Asks: 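Once you've had a glance at the structure underneath, I'll fire off some questions.
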Amino acid sequence: MAESSLKQSFDTFRAAEDIDASALLAGAVGVVFLLTALTSFVLRLGLEVPAIVGFVVVLGYGWYAHQGLTAKAVTFLMTVSTVLILGMITVFLVLESLHAFRLMGVNMLVGMDEPVTVFGVTVLPGLGNFWQPSSATYSLVPAMWGTFVTTLIATAVAAPLGVACALFLAEIAPNWAREIVKPGIEILAGIPSIVYGFIGFTVLNTYVFQNFQTPSQGSFFLVGGVIGVMALPTVVSVAEDSLDTVPDSMKDGALALGSTDWQTMTSITLPAAFSGVSAAVLLGVGRAIGETMAATVILGNTVGLPQPLYDVFGNNVTLTTLIASQYGDAGETQLSALFAAGVVLFVTVLFLSLTSLRIEAKLKQELSGD
Amino acid sequence: SGDSGAGAEAEAGGEASGSGGEGTGTQGSSGSQSDGSPLTADGSSTVYPITSDGAAVWNSNPPADDEEYWGPGQYDIDTSENMADYWGGLYGFSSSEEGQPPFLVNVGLSHSGTGVEKVKNGQVDIGDSSAPVEDELPDADQSTIDKFVDHVVGVDGQPIVVSNEIYEAGVTKLTGDELRAIYKKEITNWSEVGGPDREIQAVGRAEGSGTDTAFRANLYGDAQAEMSPDIRKGQNQQVATLVRNSDNAIAYMALAFVGDGVSAISLELDGKTYTPGENLSDKGYPLSRDLHCYTYDGTSEKESAFLRMLISDYGQTMFVEPNNYFVLSDARQEEEMGKLAEPSN
Amino acid sequence: MSDAYDRNLVESESSTYQRLAASIVGVGILAFAFALAALFDLTAIDATFVGLSLSNLLGVGTTLVGLGVVGLGAVSYVGYVETTPDRSAGLVPAVLFGLLWFCVAGLVVSQTFGFGALVWLPAALLVGAGAAGVAIFPREDIGSTLPAGAFALLVGLVFLTNVIGPDWAWSPTDFSATFTPKIVVPFLTVLAVLVASWAAGKAYDDFGARGRQTGAYMLIALNALGILSVLVILVAFVVSKGIGPLFEGFSVGASGIDWPFVQNGNQLTNDVNGVFPAIVGTFWLVVGSVIMAVPLAVGAAVFLTEYAEEGRFTQVVELATNGLWSTPSIVFGLFGYAFLVPRLGNSTSLLSGIFVLGFMLIPLVLITSREAINAVPDEYRDASAALGVSQWQTIKSVVVPAAMPGVITGVILGVGRIAGETAPILLVMSGSPFPSKRQAPNVLDISFSFTSSFPFVDASLISQEALLNSASALPYQLYAIITAGVGQSEAFGWGTTLVLLLVVLSFYAVGIASRAYFRNKLRS
Amino acid sequence: MSETTSKAQTQADAQTGQQSGGTTVEGETQEELREEWVQYEFDGQPAISTRDVNVHYGDDHALHDISIDIPKNSVTALIGPSGCGKSTFLRCLNRMNDRIKAADVSGEVEFNGKNIYDKGTNLVELRKRIGQVFQSPNPFPKSIRKNISYGPRKHGDIDVSLLSRLLGRDDSDEEDELVERCLRQAALWDEVKDRLDDNALGLSGGQQQRLCIARALATDPEVLLMDEPASALDPIATSRIEDLISDLAEDYTVVIVTHSMQQAARISDQTAVFLTGGYLVEYDDTDKIFENPESQRVEDYITGKFG
Amino acid sequence: MSETTSKAQTQADAQTGQQSGGTTVEGETQEELREEWVQYEFDGQPAISTRDVNVHYGDDHALHDISIDIPKNSVTALIGPSGCGKSTFLRCLNRMNDRIKAADVSGEVEFNGKNIYDKGTNLVELRKRIGQVFQSPNPFPKSIRKNISYGPRKHGDIDVSLLSRLLGRDDSDEEDELVERCLRQAALWDEVKDRLDDNALGLSGGQQQRLCIARALATDPEVLLMDEPASALDPIATSRIEDLISDLAEDYTVVIVTHSMQQAARISDQTAVFLTGGYLVEYDDTDKIFENPESQRVEDYITGKFG
Ligand SMILES: Nc1ncnc2c1ncn2[C@@H]1O[C@H](COP(=O)(O)OP(=O)(O)OP(=O)(O)O)[C@@H](O)[C@H]1O
Ligand SMILES: Nc1ncnc2c1ncn2[C@@H]1O[C@H](COP(=O)(O)OP(=O)(O)OP(=O)(O)O)[C@@H](O)[C@H]1O
Ligand SMILES: [Mg+2]
Ligand SMILES: [Mg+2]
Ligand SMILES: O=P([O-])([O-])[O-]
């Protein structure tokens with residue numbers, strides 16, 4: 001797909017400008033140089049510098065002789081490199097994780113410590129242990145469960161409060177209030193996760209420990225709450241944007257029929273923007289899933305499942321904290337298992353993001369009235 | 001344009017490592033004497049206080065008349081040079097600028113597993129570890145293990161600590177069996193060991209940390225023994241903070257981190273009681289362990305210069321003792337010195 | 001024209017009924033404030049005021065609120081005041097009330113009286129259904145006040161009778177937590193007050209459509225206020241903790257400003273240790289990733305908006321952009337750790353950090369730049385084309401300059417975000433947790449000399465050394481304090497937090513302000 | 001807002017009017033201009049009377065001292081060149097201007113003997129009784145049926161909520177009746193009767209506009225404001241809407257803004273001519289305006305000499 | 001694109017034309033319609049001649065077989081109801097339609113004896129010589145001076161770059177001269193001569209539009225295309241622009257689209273009347289068109305019977 005689209009874009013590219021032989025030659029040479037540099041970097045051949053110098057020389061010639069064309073080619077290359085970066089990350093993640101997946105098979109994703117049986121039938125295999133590098137046993141189940149629980153709590157915080165705040169900003173707030181709250185929300189988005197982590201580690205952890213008398217410091221409950229607050233601004237701003245896309249004429253129509261503002265919001269604006277608002281929540285969930293530092297610092301990071309499963313005061317591990325707490329001393333296999341965690345994270349978040357993108361596109365289409 | 005340099009450097013390193021050997025000119029991962037690249041170390045949070053304090057003084061390179069941190073004349077050292085200039089000078093390193101050390105020392109912090117991984121991968125010059133490399137890298141084959149050069153810079157008598165509340169409630173001593181049971185989740189309430197009716201928060205260090213490895217090896221007799229603490233923290237300092245902020249915690253850690261609100265308790269093993277501050281340095285204390293600075297593929301002059309400083313009487317007095325660790329005996333000191341490259345001047 | 005007909009069109013002055021509703025909300029707010037104070041340790045739950053313990057006092061408050069709300073409903077129901085209630089409170093309140101009362105009954109029967117599921121489940125279902133029924137069948141004025149008021153009343157009485165008092169505690173078997181009065185009393189108070197105030201808000205505007213609006217607005221405005229106060233409290237807390245360490249030893253003398261926390265590194269000889277190397281590290285990190293990412297992202301944005309046809313290719317790019325945007329930072333870190341670090345000198349390095357943060361910056365800048373370039377009116381392009389100017393010239397001299405404000409804003413906001421990133425730095429860049437001033441990366445290394453060998457000049461602008469060695473950065477410095485604060489006081493951490501916040505938030509403030517400025521300029 | 005413009009301000013306005021209107025108001029002063037149309041007398045009751053309505057958008061004085069009486073059960077057309085304030089004036093009549101932050105309205109608008117700008121006016125009630133149809137059709141993204149019954153449902157006149165359906169006391173029959181009646185009135189019934197539950201956005205522009213009219217009728221308003229309701233439509237759809245408006249005038253008071261003089265001439269009973277700057281220049285029977293206007297400028301405008 | 005429409009297609013077009021134009025083209029066939037204006041003869045040379053120009057927007061056939069000769073140094077007006085294709089036709093003359101993805105042009109447009117739709121046409125050069133002024137003023141967000149000199153600078157005729165200034169060989173004097181000349185021609189010089197370095201966005205709408213005209217003049221075009229250049233302006237600004245256009249006709253060939261018949265009558269020498277569906281119905285001397293049009297439909301249109 002990428003290839004054919006590349007070709008397509010190259011064709012349109014060629015059709016649009018008259019390319020003479022010298023330009024074509026220079027372009028080809030430039031591309032060769034660039035590919036050499038890239039290959040050399042990936043394979044560690046040590047040819048990057050001459051290749052890059054060569055490319056810059058060709059670029060200089062191109063700029064001098066065919067500025068417009070060169071500019072177009074360069075911006076095209078820049079676009080391609082964006083795609084390449086994501087491609088590189090994806091391919092590399094998957095490649096690195098293959099070893100662990102090969103080793104553990106599907107157990108990587110479903111393996112339990114004790115086998116789970118339903119009416120005597122084993123539905124989930126038991127590995128004896130979730131995560132034991134010394135015996136090369138790896139299962140992401142505890143980390144995925146931890147991510148699930150914290151994300152659920154975070155969503156329970158961020159979704160209703162975020163959407164309500166978006167409604168406030170988009171529909172209810174008088175000007176002066178909006179001008180205070182809106183930048184406030186944006187600034188809230190800017191607070192680095194490690195700051196939450198520091199406060200979480202020094203203040204909140206102790207607070208929860210003392211007042212909930214949990215057996216150990218750090219809990220999914222606290223992490224979920226903190227990353228919920230961290231995901232809030234994302235939900236608010238995306239949801240507000242989508243509420244804003246509901247045309248005023250639609251709202252005017254409702255008001256002119258004598259419905260109250262609140263009725264207009266609940267029966268016209270929110271339903272019309274529903275897909276956008278859900279996209280906002282999805283993006284917020286994505287943020288929450290990917291949150292690392294605060295969780296790492298607060299959580300206990302023991303690889304296991306809380307007992308019982310829904311004990312939100314459990315103190316185990318999430319996908320992100322698993323990586324952050326173990327990457328350093330991981331041997332080859334363990335690192336590969338961590339990459340598997342990265343793949344699960346990456347795929348989940350990418351899926352959420354793409355879904356929300358589609359939903360938003362759908363919203364636009366709906367509102368434009370097909 | 002930085003890439004080529006990187007490649008070149010890596011290559012040079014690779015080449016040099018081929019020649020291997022001990023104390024022969026410029027080998028190991030450090031470059032030539034004129035190259036100002038820093039000496040890097042990473043790993044154990046237990047060893048960190050020693051190497052980091054050493055590096056701190058090294059990097060600030062105090063002059064000979066500095067009584068507090070340098071002060072030649074005290075340890076059979078007679079020089080008018082600055083601290084780092086003196087130790088570096090032994091191997092022909094000299095600083096390009098007055099007051100600057102001949103090279104900087106960067107000491108990172110994680111835990112032992114990271115340290116040995118990084119030194120093995122050539123990412124740092126020195127890998128700090130508070131457990132032997134064999135225990136840290138159980139999967140590694142012997143030829144890899146053999147390439148590690150072990151430099152012991154101090155000894156830790158790993159203490160068992162509890163939160164103040166627990167200590168004050170009378171839990172000042174545990175037996176080995178009790179301790180083992182606690183970390184196996186067989187004892188979960190302090191009342192079972194004579195304390196208040198409060199759940200035990202069993203704090204552990206991250207798997208792969210030397211403290212954890214050594215603890216398991218020494219207490220259960222197997223570095224991979226199964227153990228299920230309630231919470232694992234990456235570094236000693238986090239453990240200390242956690243224990244201080246809790247009222248029900250127990251933890252094993254490095255001596256350097258015992259302090260306010262983190263009370264060390266006595267441990268009774270095989271009928272003998274080991275009490276912190278009294279006899280943890282005893283040979284028989286099973287939790288005591290060596291603190292290692294590993295180099296890989298021989299020890300370069302650069303590495304030797306810094307390690308020699310740590311192992312010397314000066315280093316032991318300045319950086320090991322103040323951190324509550326036990327200094328090397330004269331014999332061991334001698335032995336460790338022998339593993340370093342010969343000073344060229 | 002009947003009287004009622006006219007009264008609909010024009011409201012009467014505020015009535016006693018409204019004043020009553022308002023004062024109920026007022027009492028609620030008071031209880032709310034005390035509950036928060038207890039929650040935030042500003043006062044203890046067993047502190048006594050006017051001879052009452054705080055939990056009793058909160059009991060009095062919630063009881064009053066509960067009684068008042070029930071009263072409001074009753075007064076309206078018997079027709080003592082004229083209101084405009086609907087036939088029923090509606091399905092949503094009914095479900096919520098049902099759930100609330102289900103929980104209340106379930107907890108009381110199972111936890112207080114200790115019955116098993118066989119007893120508590122039916123009991124809870126019964127009570128929940130009853131509450132839902134009260135919301136559904138009677139008129140709205142009863143339906144929305146009675147379940148709410150009764151809940152507040154129950155909470156109040158429980159506090160007043162010390163059933164839940166300062167010495168109460170509850171350890172549910174399935175959760176490894178114990179709920180203490182310090183948490184439970186304020187929580188119940190807040191819940192009761194919110195529910196009751198919502199009902200009182202409805203009553204204030206005579207129920208019906210307008211009453212519902214008032215009730216809902218109250219909660220929503222409170223929510224916005226709450227979110228805002230999270231920010232304010234957070235920043236104020238950090239400032240109050242960090243301002244001291246930040247300015248320790250600060251002096252302005254003849255020789256200029258002496259600001260140890262900002263100008264020093266960590267050194268044994270320092271009186272006051274500081275975060276200079278981390279500041280420098282963050283600076284170069286930001287500069288480096290901007291140099292790397294911004295041209296790339298803006299170039300790509302130009303290509304996508306000006307040259308590319310909508311199609312497969314743009315879709316792939318869009319996917320990539322969104323993929324990069326949403327990729328968790330730890331995944332970037334992992335990638336950098338295993339892919340970049342071995343290729344860039346095989347040690348954690350500033351350069352790896354620059355690359356990884358650059359990768360993270362690309363989508364942030366690309367998306368905003370694309371929007372900014374798209375927002376440049378087509379008229380400019382048409383005008384330029386009609387003057388016989390080529391496309392590239394048009395882009396260069398009209399489109400990009402016009403999009404510049406948007407691009408710059410995007411860059412600033414993006415930089416604000418990456419400047420606070422920790423996870424990737426931790427993996428690919430960090431070295432000494434507490435570097436000395438000398439360990440601050442010295443990236444600029446301008447020298448020029450002639451040599452005898454090819455290429456006959458030895459020029460350097462940047463120090464390869466500094467790029468290829470580990471460096472600190474503010475977020476990592478903070479992380480280091482958490483993990484390795486050996487001999488460091490917590491105060492050092494708060495000082496670092498404050499500096500980090502100041503740096504990041506000023507990027508955001510400047511970004512937001514410049515966007516507002518350019519928007520206003522565009523509008524006028 | 002609710003205060004009557006003080007005398008000082010009126011004078012100030014008049015002055016500004018003279019200054020800024022200098023290019024268009026030639027020779028005549030505001031005072032004179034007003035004399036021309038204040039005279040308009042009609043039989044029967046006014047549905048709405050405005051007194052000295054002024055609107056500012058920030059510093060921009062968009063309407064100057066508009067005072068007219070709009071007769072009941074008739075069609076009143078507002079015409080004038082683009083930007084002269086027709087829409088602004090229309091929006092004053094049901095306070096939809098409140099939704100525009102920059103708009104500042106002063107003066108009085110009397111509806112049923114009450115000034116709607118008085119404090120405490122119930123906007124919801126007001127807009128229920130003065131309906132509005134917008135320039136471009138704006139159906140809700142819901143079914144046709146729900147579009148029609150939206151108003152009555154929100155006002156609690158019809159209850160077809162899930163709850164009432166569960167309890168078996170829903171007003172579905174009333175709803176069906178209402179939907180049919182309104183769609184018939186808006187001459188849309190035959191076209192959509194088989195697809196009442198389809199999304200209204202699937203209708204053509206002309207159908208959508210008639211749906212919006214039907215939707216406005218469903219709340220049973222007394223006055224119907226229409227802002228260029230046919231401007232987005234083709235000629236056939238336009239003529240249907242024009243027929244519809246003429247029919248509606250039997251039961252409703254209709255005020256319509258149009259940019260087409262022909263349209264005004266065809267369907268309205270009286271016409272108000274606004275000119276650039278926000279001045280009402282002439283207000284009279286439509287026939288009079290088109291055949292024999294008092295003011296030279298109105299004549300110029302109508303014969304297409306400018307605009 | 002450059003191929004002449006084949007005969008088969010022409011017939012097909014004619015058919016579609018009849019069908020879709022059914023509501024407007026009454027009784028007359030396309031063939032007959034074309035007869036009416038092909039006759040138009042004038043003294044002097046044509047600046048631009050079009051032959052059978054057809055434009056499709058996707059499936060929408062927006063222009064049908066337009067063939068006219070536009071005389072040099074005169075003002076040609078294009079009038080017709082909204083959507084009849086005036087703007088589309090204008091954009092054919094300098095290939096600005098190339099910028100609209102959906103637009104597909106066939107037929108020939110001869111300029112200086114060359115078909116501009118031939119392959120290899122240098123669009124940059126073409127547009128330099130056939131300038132265009134748009135409906136709403138669109139100055140660049142730069143200083144007035146830079147707006148004027150934008151074209152010449154990009155073409156390399158004037159070099160005031162930093163480099164050339166450093167080398168002391170910049171054309172600042174030439175630039176000043178050019179700016180003054182063009183602004184004078186556009187009758188804007190006196191109003192802006194003291195603030196040439198102010199941002200052009202600070203000018204009023206009318207001034208901006210004259211600036212755009214001046215900007216177009218700066219590249220020294222032979223033909224000037226104007227698409228409703230006064231539609232966004234007030235009457236005073238409009239009359240200034242009209243005066244300007246009349247003046248320009250001495251040196252330039254001006255083609256202007258206008259929605260105001262009065263304007264066409266005032267300023268143009270010849271007028272082409274388009275009617276709905278994209279048909280050119282009549283093209284003749286302006287006086288002839290307005291006083292004695294051949295076609296009944298043109299007469300209807302001009303007297304305001306429809307549109
Ligand atoms: N929301 C607004 N903010 C600021 N000024 C406005 C606003 N709406 C209208 N105006 C200004 O008020 C004046 C009158 O506008 P209005 O829309 O009422 O004119 P109109 O007669 O309806 O014109 P048209 O026939 O073009 O619809 C205009 O000058 C316009 O620019
Ligand atoms: N970019 C476009 N894409 C598709 N169709 C278009 C486009 N531009 C114009 N059309 C269609 O082509 C026809 C002629 O449009 P054009 O803009 O040329 O009319 P016009 O005579 O200039 O009208 P007006 O007086 O409203 O400007 C119309 O039916 C219009 O819908
Ligand atoms: Mg209008
Ligand atoms: Mg047009
Ligand atoms: O010494 P450690 O930090 O690895 O326990």
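Not measured: the values here are computed from a predicted model.
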Asks: Whether the side chain of C:Arg210 engages the backbone of A:Thr260 through a donor-acceptor N/O pair (distance < 3.5 Å, no angle test) should be reported.
Replies: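 No: the side chain of C:Arg210 does not pair with the backbone of A:Thr260.
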Asks: If I measure from the heavy atoms of chain C, does A:Leu357 come under 4.5 Å with its side chain, its backbone, both, or neither?
Replies: side chain
Asks: Report yes if some heavy atom in the side chain of A:Val297 is under 4.5 Å from a heavy atom in the side chain of C:Tyr479; otherwise report no.
Replies: yes
Asks: If you tally heavy-atom pairs under 4.5 Å against chain C, which of A:Val195, A:Leu338, A:Leu93, A:Leu352 wins?
Replies: A:Val195
Asks: A:Leu350 versus chain C, heavy atoms under 4.5 Å apart: side chain, backbone, both or neither?
Replies: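 Both the backbone and the side chain of A:Leu350 come within 4.5 Å of chain C.
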Asks: At their closest point, which heavy atom of C:Thr180 faces which heavy atom of A:Asn211, and how far apart are they?
Replies: OG1-O, 2.8 Å
Asks: Just so I understand: if I count every heavy-atom pair under 4.5 Å between each of C:Phe332, C:Trp494, C:Phe359 and chain A, which residue has the most?
Replies: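 Option with the greatest count: C:Trp494.
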Asks: Mind ranking C:Asn322, C:Val232, C:Val331 by heavy-atom pairs under 4.5 Å with chain A and telling me who comes out on top?
Replies: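 Ranked by heavy-atom pairs under 4.5 Å with chain A, first place is C:Asn322.
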Asks: Please report the closest heavy-atom contact between C:Ala338 and A:Phe339, naming both atoms and the distance.
Replies: CB-CZ, 3.3 Å
Asks: When only pairs under 4.5 Å are counted, which of C:Thr496, C:Val298, C:Val302, C:Leu228 shares the most heavy-atom pairs with chain A?
Replies: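 The residue among C:Thr496, C:Val298, C:Val302, C:Leu228 with the greatest pair count is C:Leu228.
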Asks: Report the distance from atom CD1 of C:Ile330 to atom CD of A:Glu291, rounding to the nearest 0.5 Å.
Replies: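 So the gap between those two atoms works out to 10.5 Å.
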Asks: Atom CZ in C:Phe335, atom CE in A:Met88: separation rounded to 0.5 Å?
Replies: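 Rounded to the nearest 0.5 Å, the CZ-CE separation comes out at 4.0 Å.
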Asks: With a 4.5 angstrom heavy-atom cut-off, could you sort out which part of A:Leu169 is near chain C: side chain, backbone, both or neither?
Replies: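 For A:Leu169, neither part sits under 4.5 Å from chain C.
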Asks: Find out whether A:Phe198 and C:Val238 are in side-chain contact, i.e. whether some heavy atom of one side chain is under 4.5 Å from a heavy atom of the other.
Replies: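 Not in contact.
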Asks: Between atom CG of A:Leu161 and atom CD1 of C:Ile220, what is the distance when rounded to the nearest 0.5 Å?
Replies: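 Going from CG on A:Leu161 over to CD1 on C:Ile220, the span is 11.0 Å.
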Asks: Looking at every heavy atom in both C:Ala300 and A:Thr82, which two are closest together, and how far apart are they?
Replies: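 Smallest interatomic distance, heavy atoms only, reads CB-OG1, 4.0 Å.
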Asks: Identify the two heavy atoms, one from A:Tyr310 and one from C:Phe175, that lie closest to each other, and give their separation to 0.1 Å.
Replies: O-CE2, 3.3 Å
Asks: State, to 0.1 Å, how close C:Tyr307 and A:Gly68 come at their nearest heavy-atom pair, and which atoms those are.
Replies: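 Here C:Tyr307 and A:Gly68 meet closest at OH-O, 4.2 Å.
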Asks: Would you please test A:Met265 and C:Gln213 for side-chain contact (heavy atoms from CB on, under 4.5 Å) and show each step?
Replies: CA-CA 10 Å; A:Met265 265 172 253; C:Gln213 167 160 321; over 6 Å; no
Asks: Under a 4.5 Å cutoff for heavy-atom pairs, which residue among C:Leu225, C:Leu219, C:Ile362, C:Ile227 has the most contacts with chain A?
Replies: C:Ile227
Asks: Just so I know, are the side chains of A:Tyr207 and C:Leu39 near enough to count as touching, which here means a heavy-atom distance under 4.5 Å?
Replies: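 Touching, per the 4.5 Å side-chain cut-off.
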Asks: Side chain, backbone, both or neither: which part of A:Val208 has a non-hydrogen atom closer than 4.5 Å to chain C?
Replies: neither
Asks: Under a 4.5 Å heavy-atom cutoff, which of A:Ile323, A:Val181, A:Thr296 has the most pairs with chain C?
Replies: A:Ile323
Asks: Within this structure, what is the CZ-CG distance for the pair C:Arg343 and A:Leu43, rounded to the nearest 0.5 Å?
Replies: 7.5 Å
Asks: Tell me, out of A:Val74, A:Ile194, A:Leu319, who's got the most heavy-atom pairs with chain C below 4.5 Å.
Replies: A:Ile194
Asks: Quick check on A:Phe212 against chain C: is it the side chain, the backbone, both or neither that has a heavy atom closer than 4.5 Å?
Replies: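 Both backbone and side chain of A:Phe212 come within 4.5 Å of chain C.
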Asks: How long is the straight-line distance from CG of A:Leu335 back to OH of C:Tyr337, given to the nearest 0.5 Å?
Replies: 6.0 Å
Asks: More than 12 foreign heavy atoms under 6.0 Å from CD of A:Glu332: is that the case here?
Replies: no
Asks: For C:Ser176, is there any backbone N or O sitting under 3.5 Å from a side-chain donor or acceptor partner on A:Asp311?
Replies: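 Side chain of A:Asp311 to backbone of C:Ser176: a pair is present.
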Asks: Checking C:Lys396 against A:Gln67: is there a side-chain donor and acceptor pair closer than 3.5 Å?
Replies: yes
Asks: Quick one, C:Leu234 and A:Leu188 - any side-chain contact, counting heavy atoms below 4.5 Å?
Replies: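 The answer is no; the side chains never approach within 4.5 Å.
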Asks: Counting heavy-atom pairs closer than 4.5 Å to chain C, which one of A:Ala177, A:Gly184, A:Gly286 comes out on top?
Replies: A:Gly184
Asks: Pairs of donor and acceptor atoms involving the side chains of residues 500-510 of chain C, under 3.5 Å and at least two apart or interchain, shall be tabulated with distances.
Replies:
residue: C:Ser506; atom: OG; partner: C:Leu502; partner atom: O; Å: 2.5
residue: C:Ser506; atom: OG; partner: C:Val503; partner atom: O; Å: 2.9

Asks: Which atoms of C:Pro172 come close to chain A, meaning under 4.5 Å heavy atom to heavy atom: side chain ones, backbone ones, both, or neither?
Replies: neither
Asks: Can you establish whether the number of heavy atoms outside C:Phe237 located under 6.0 Å from its atom CZ is more than 12?
Replies: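 It does: C:Phe237 CZ has more than 12 such atoms within range.
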Asks: Can you say whether C:Ile183 sits under 4.5 Å from chain A via the side chain, the backbone, both, or neither, judging by heavy atoms?
Replies: side chain
Asks: State, yes or no, whether a side-chain contact exists between C:Asn223 and A:Phe168 at a heavy-atom distance under 4.5 Å.
Replies: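 C:Asn223 does not reach A:Phe168 side chain to side chain.
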Asks: Go through A:Ile289, A:Thr320, A:Thr214, A:Ile172 and name the one with the most non-hydrogen pairs under 4.5 angstrom from chain C.
Replies: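 The option with the most such pairs is A:Ile172.
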Asks: Please classify the contact of A:Ile187 with chain C as side chain, backbone, both or neither, using a heavy-atom distance under 4.5 Å.
Replies: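 For A:Ile187, backbone and side chain are both near chain C.
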Asks: Check whether any side-chain heavy atom of C:Leu231 lies under 4.5 Å from a side-chain heavy atom of A:Ile191, and answer yes or no.
Replies: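 A side-chain contact under 4.5 Å exists here.
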Asks: State, yes or no, whether a side-chain contact exists between C:Leu340 and A:Phe41 at a heavy-atom distance under 4.5 Å.
Replies: yes
Asks: Heavy-atom distances under 4.5 Å only: say whether C:Arg417 touches chain A with side chain, backbone, both or neither.
Replies: side chain
Asks: With a 4.5 Å cut-off on side-chain heavy atoms, are C:Ser329 and A:Thr292 touching?
Replies: yes
Asks: I need the minimum non-hydrogen distance between C:Leu426 and A:Tyr327, along with the two atoms involved.
Replies: O-OH, 3.3 Å
Asks: Out of C:Phe179, C:Phe339, C:Trp325, which one racks up the most heavy-atom pairs below 4.5 Å with chain A?
Replies: C:Phe339
Asks: Assign the ring pair C:Trp392 / A:Trp63 to parallel, tilted or perpendicular, where the plane angle (0 to 90°) is split at 30° and 60°.
Replies: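 C:Trp392 and A:Trp63: perpendicular rings.
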Asks: Calculate, to the nearest 0.5 Å, the distance between atoms CD1 and CD belonging to C:Ile512 and A:Glu186 respectively.
Replies: 4.0 Å
Asks: Chain A heavy atoms under 4.5 Å from C:Leu474: which part of the residue, side chain, backbone, both or neither?
Replies: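 Neither part, no heavy atoms under 4.5 Å.
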Asks: Counting heavy-atom pairs under 4.5 Å to chain C, which of A:Ser353, A:Gly162, A:Gly190, A:Ala164 comes out on top?
Replies: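 The residue among A:Ser353, A:Gly162, A:Gly190, A:Ala164 with the greatest pair count is A:Gly190.
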Asks: What part of A:Ile89 is in contact with chain C, defined as an atom under 4.5 angstrom from a non-hydrogen atom: side chain, backbone, both or neither?
Replies: both
